[in-house]
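Here is the structure we will look at, set down as structure tokens.
Atom set for the values below is all heavy atoms of this structure, side chains included, hydrogens, waters and symmetry mates excluded.
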Amino acid sequence: MNIHFSCPVCSCPGRLQVPGQADWQCPQCDNLVHAPQDVDAALANCPVCGGHEFYKKKDFPHQLGMGILLAACLASSVTTLFYQWWLTWGILIGSAAFDGILYLLVKDAIVCYRCQALFRGVVPREQHLPFELTIFERHRQEKLRRAELQKAGNGKPV
């Protein structure tokens with residue numbers, strides 16, 4: 001399992017490989033993150049923040065997907081300009097087929113709602129459902145409240 005995350009204290013990017021590397025120490029703030037060596041135990045609670053709610057998503061770069069869509073739109077617009085209808089439909093249907101093939105080939109990744117840690121190489125289980133906006137918003141509001149309390153408490157962590 002490969003874990004990509006941000007340090008909970010200073011937001012410095014970090015990475016852990018489990019099994020193998022068990023601890024990660026932040027180079028900026030010396031915060032220590034410990035990941036259990038058991039993959040099943042690692043996803044009972046997030047090793048970064050301790051959260052227990054996760055969602056699954058396709059492990060595919062969104063910029064590449066948008067680039068493919070933009071290229072197909074531009075190419076089909078040019079062929080439409082020259083009244084090349086068969087070529088236009090070929091480009092549009094071909095890009096949709098390519099997108100479908102990529103969807104089937106790309107594996108899922110698990111993401112923690114609370115800290116947005118990304119877990120690669122984990123087989124999603126039945127409790128790992130797709131993204132749910134209400135759960136994400138609850139965690140986002142909780143993070144904002146903690147930041148306000150910390151600011152009101154003269155910078156002391158809450």
Side-chain angles (χ1 to χ4, degrees), residues 1-75 94-158:
M1 173 173 56
N2 192 354
I3 307 170
H4 292 265
F5 59 93
S6 295
C7 176
V9 177
C10 68
S11 298
C12 177
R15 178 185 288 181
L16 277 171
Q17 185 69 34
V18 177
Q21 181 184 3
D23 295 322
W24 178 81
Q25 188 163 6
C26 180
Q28 291 182 357
C29 69
D30 290 333
N31 181 46
L32 186 65
V33 174
H34 175 74
Q37 292 298 312
D38 183 19
V39 174
D40 290 332
L43 285 182
N45 289 322
C46 178
V48 179
C49 69
H52 63 279
E53 293 180 300
F54 301 94
Y55 65 92
K56 69 178 177 179
K57 70 173 195 166
K58 287 293 182 180
D59 192 16
F60 187 77
H62 297 284
Q63 295 86 358
L64 180 59
M66 290 305 293
I68 292 169
L69 177 65
L70 181 65
C73 287
L74 289 175
S95 66
F98 182 64
D99 182 52
I101 290 169
L102 281 177
Y103 182 82
L104 294 174
L105 293 177
V106 172
K107 296 183 179 186
D108 288 329
I110 306 299
V111 182
C112 175
Y113 275 109
R114 190 171 182 194
C115 69
Q116 299 301 304
L118 179 71
F119 299 86
R120 289 186 170 120
V122 178
V123 177
R125 292 186 250 152
E126 61 275 353
Q127 69 261 27
H128 299 135
L129 301 174
F131 181 80
E132 180 65 42
L133 184 60
T134 55
I135 299 172
F136 176 77
E137 187 62 24
R138 178 170 35 95
H139 286 284
R140 190 182 75 82
Q141 291 292 327
E142 177 186 314
K143 184 177 181 180
L144 290 173
R145 280 192 296 275
R146 276 194 310 248
E148 283 183 18
L149 288 173
Q150 185 177 358
K151 186 178 175 183
N154 297 326
K156 296 177 185 174
V158 176

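- Side-chain atoms of Ile68 and Leu102, non-hydrogen and from C-beta on, do get closer than 4.5 Å to each other.
- Listed by chain and residue number, Cys7, Cys29, Asn31 satisfy the side chain to side chain contact (heavy atoms under 4.5 Å, CB included) test with Val9 (two or more places apart in sequence, or in another chain).
- Evaluation of the side chain to side chain contact (heavy atoms under 4.5 Å, CB included) rule for Leu32 yields Asp23, Gln25 as partners, not counting sequence neighbours.
- By the 4.5 Å heavy-atom criterion applied to side chains, Cys26 and Cys12 are counted as neighbours.
- Taking the side chain to side chain donor-acceptor pair (under 3.5 Å) definition, one finds that Asp59 meets it with Arg120, sequence neighbours left out.
- Across all their heavy atoms, Ala44 and His52 have their closest contact at O-CB, 3.9 Å.
- Between Val48 and Ala117, the shortest heavy-atom contact is CG2-CB, 4.2 Å.
- Remark: Tyr55 pairs with Gln116 by the side chain to side chain donor-acceptor pair (under 3.5 Å) rule, at least two apart or across chains.
- Nearest heavy-atom pair, Phe54 versus Cys112, reported as atom, atom and distance to 0.1 Å: CD2-CA, 3.7 Å.
- Residues satisfying the ring-ring contact (aromatic ring centres under 6.0 Å, His included) criterion with Phe98, sequence neighbours excluded, are absent altogether.
- For the pair Ile110/Arg125, no side-chain contact is recorded, criterion being any heavy-atom separation below 4.5 Å from C-beta on.
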Checklist entry - Would Phe5 and Leu16 count as a side chain to side chain contact (heavy atoms under 4.5 Å, CB included) if you check the C-alpha gap in whole Å, the side-chain angles of each, and the deciding distance to 0.1 Å? => result CA-CA 9 Å; Phe5 59 93; Leu16 277 171; 4.0 Å; yes
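- No side-chain heavy atom of Phe60 sits under 4.5 Å from any side-chain heavy atom of Tyr103.
- Arg114 places a side-chain heavy atom less than 4.5 Å from the side chain of Glu142.
- For the salt bridge (charged side-chain N to carboxylate O under 4.0 Å, His left out) condition, no pair includes a residue of residues 97-106, sequence neighbours left out.
- Scanning for side chain to side chain contact (heavy atoms under 4.5 Å, CB included) contacts around Glu126 gives an empty result, with sequence neighbours left out.
- Between Pro47 and Phe119, the closest side-chain pair of non-hydrogen atoms falls below 4.5 Å.
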Identify each donor-acceptor pair in which a side-chain atom of residues 131-139 lies under 3.5 Å from a protein atom, sequence neighbours left out, and give them as a table.
| residue | atom | partner | partner atom | Å |
| --- | --- | --- | --- | --- |
| Glu132 | OE2 | Thr134 | OG1 | 3.4 |
| Glu137 | OE1 | Arg140 | NE | 3.1 |
| Glu137 | OE2 | Arg140 | NE | 3.3 |
| Glu137 | OE2 | Arg140 | NH2 | 2.6 |
| Glu137 | OE2 | Gln141 | NE2 | 2.9 |
| Arg138 | NH1 | Glu53 | OE1 | 3.3 |
| Arg138 | NH2 | Glu53 | OE1 | 3.3 |
| Arg138 | NH2 | Glu53 | OE2 | 3.0 |
| His139 | NE2 | Glu53 | OE1 | 2.6 |

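- Looking at heavy atoms from C-beta onward, Cys115 lies in side-chain contact with Cys46 at the 4.5 angstrom threshold.
- The side chain to side chain contact (heavy atoms under 4.5 Å, CB included) search around Cys73 returns Leu69, not counting sequence neighbours.
- Annotation: salt bridge (Lys or Arg N to Asp or Glu O under 4.0 Å) contacts of Lys58 (sequence neighbours excluded): Asp108.
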